[in-house]
Amino acid sequence: MTVRPATRTRGREGAQALAAELSKLVSLPATWLTLGGTLVVNLILATAFTTAGLQGSTGTKSAVDIGLASIGYAQAGFVILGVLAACSEYTGGQIRTTLTAMPRRALQFTAKHLALAIVVFPAAAITAGSAVVLTAGVLGGTAAPVTTGHVAGALSGVTAYLALTTLISAAVGALVRRTLAAVVVLLGYLFVAGPLLRDHVPAARYLPDSAGFAMWFPSAWFPSAWFPSARFPSAGDAGAVTPAQGALLLVAWTAVLIAAGVLGYRRWDV
């Protein structure tokens, strides 16, 4: 089967767009400062939660469950990364230069989000995995036994949750086009509005954060006073979202918000 010249041209243009967006993202100091700071903060929080586990304050000795509890707070760093990736070019009019070199807005927008996914997936895996390794090392022989399947499922769920949350944040940032405003909206939702909705609105379990937490968070074991984002129905409760359902819901939310971002990006002047 022969490849048409137009197909080859589009493929080459797409590859060039991806390479350009990836180069911009990895050369942005804020990318590495945000990821590095998030990793350090997450390890500090994991250490604090592990210390509480040694003192019997967590209700569990599972290295996976305790090690991943800090993700509920560390996700803020990934939210900020997504917003910075989307909004950084609006500072100083750099976006005009980008669109001059790459006038196909939908292609440029898609390439930016794909480049972000390429960077954030391994970063999310390292952030989650390092916390679990640290917790397991500190707990030592006192840690509760866990199966390989449980560890793999939890880590893959956390990695996907953080990566998709970052892409959602980038889409919201593209819609808002103001770094501070987008960060305030997203963090306000995650840490204030989201927990309130979960407490009072049963349908809130279908919102992005609740659906995403269902992908990996253990059922209602952690003290809610320490970790308010952990107030979810237990796995056996009626209406509880399963990990598979949570993944599908979060992917759907991500796709919808990215599509909205593309539509807005194509219509608005910059």
Side-chain angles (χ1 to χ4, degrees), residues 30 34-35 37-42 44-46 48-49 67-87 113 116-117 120-121 123-124 127-128 131 154 157-220 222-233 241 243 245-258 260-261:
T34 303
L35 289 175
T38 301
L39 177 62
V40 171
V41 169
N42 189 58
I44 292 172
L45 291 172
F49 286 131
L68 295 181
S70 57
I71 295 296
Y73 298 105
Q75 65 178 322
F78 288 88
V79 168
I80 294 171
L81 174 63
V83 172
L84 287 174
C87 297
H113 281 72
L116 183 59
V120 82
F121 262 103
T127 300
V158 169
T159 299
Y161 171 75
L162 291 176
L164 292 172
T165 297
T166 306
L167 294 178
I168 286 176
S169 301
V172 172
L175 289 168
V176 176
R177 298 192 292 176
R178 296 291 184 274
T179 302
L180 182 59
V183 169
V184 169
V185 167
L186 288 164
L187 294 186
Y189 168 73
L190 285 174
F191 292 102
V192 180
L196 288 174
L197 287 172
R198 282 193 293 273
D199 283 345
H200 301 98
V201 182
R205 60 177 172 268
Y206 301 118
L207 292 175
D209 58 326
S210 299
F213 269 103
M215 295 166 59
W216 59 273
F217 201 82
S219 301
F222 210 78
S224 59
W226 290 9
F227 191 22
S229 297
R231 294 194 291 269
F232 297 98
V241 175
Q245 291 170 338
L248 289 174
L249 284 167
L250 190 57
V251 168
W253 275 107
T254 305
V256 167
L257 287 169
I258 289 177

Exercise for the section: With rounding to the nearest 0.5 Å, note down the distance linking CG in N42 to CG in L68. Expected result: 8.5 Å
Exercise for the section: For side chain to side chain contact (heavy atoms under 4.5 Å, CB included), just list the numbers for L81 and L116, CA-CA rounded to whole Å, side-chain angles, deciding distance to a tenth of an Å, and then say yes or no. Expected result: CA-CA 9 Å; L81 174 63; L116 183 59; 4.3 Å; yes
Completion exercise
Between the OG1 atom in T34 and the CG atom in L39, the distance rounded to the nearest 0.5 Å is 12.5 Å
Handout entry: Candidate pair L249 and R205, rule side chain to side chain contact (heavy atoms under 4.5 Å, CB included), full reasoning
Key = CA-CA 10 Å; L249 284 167; R205 60 177 172 268; over 6 Å; no
Handout entry: Smallest separation among heavy atoms of G212 and L250, with atom names
Key = CA-CD2, 3.9 Å
Practice task
Any chance you could measure L190, atom CG, to Q75, atom CD, to the nearest 0.5 Å?
Solution key: 4.5 Å
Handout entry: Under 3.5 Å: donor-acceptor pair, side chain of S210, backbone of Y206
Key = no
Going by atom type alone, with no hydrogens or angles, which donor-acceptor pairs under 3.5 Å involve a side-chain atom of residues 163-174 and a protein atom two or more places apart or on another chain?
from : atom 1 : to   : atom 2 : distance (Å)
T165 : OG1    : Y161 : O      : 2.7
T166 : OG1    : L162 : O      : 2.7
S169 : OG     : T165 : O      : 2.8

Practice task
State which residues pass side-chain contact (heavy atoms from CB on, under 4.5 Å) with L175; sequence neighbours excluded, sorted by chain then number.
Solution key: A260, W268
Handout entry: Non-hydrogen atoms of P208 and Y189 that approach each other most closely
Key = CD-OH, 3.8 Å
Fill in the blank from the handout: In terms of heavy-atom contacts, P195 and V192 come closest through CD-O, 3.4 Å
Handout entry: Any side-chain heavy-atom pair of V241 and F213 under 4.5 Å
Key = no
Handout entry: Closest contact, heavy atoms only, T38 versus F78
Key = CG2-CE1, 3.7 Å
Problem - Distance, nearest 0.5 Å, that separates CG of L248 from CH2 of W253 - result: 14.5 Å
Fill in the blank from the handout: Interatomic distance, CG@D209 vs CZ@R198, rounded to 0.5 Å, equals 4.5 Å
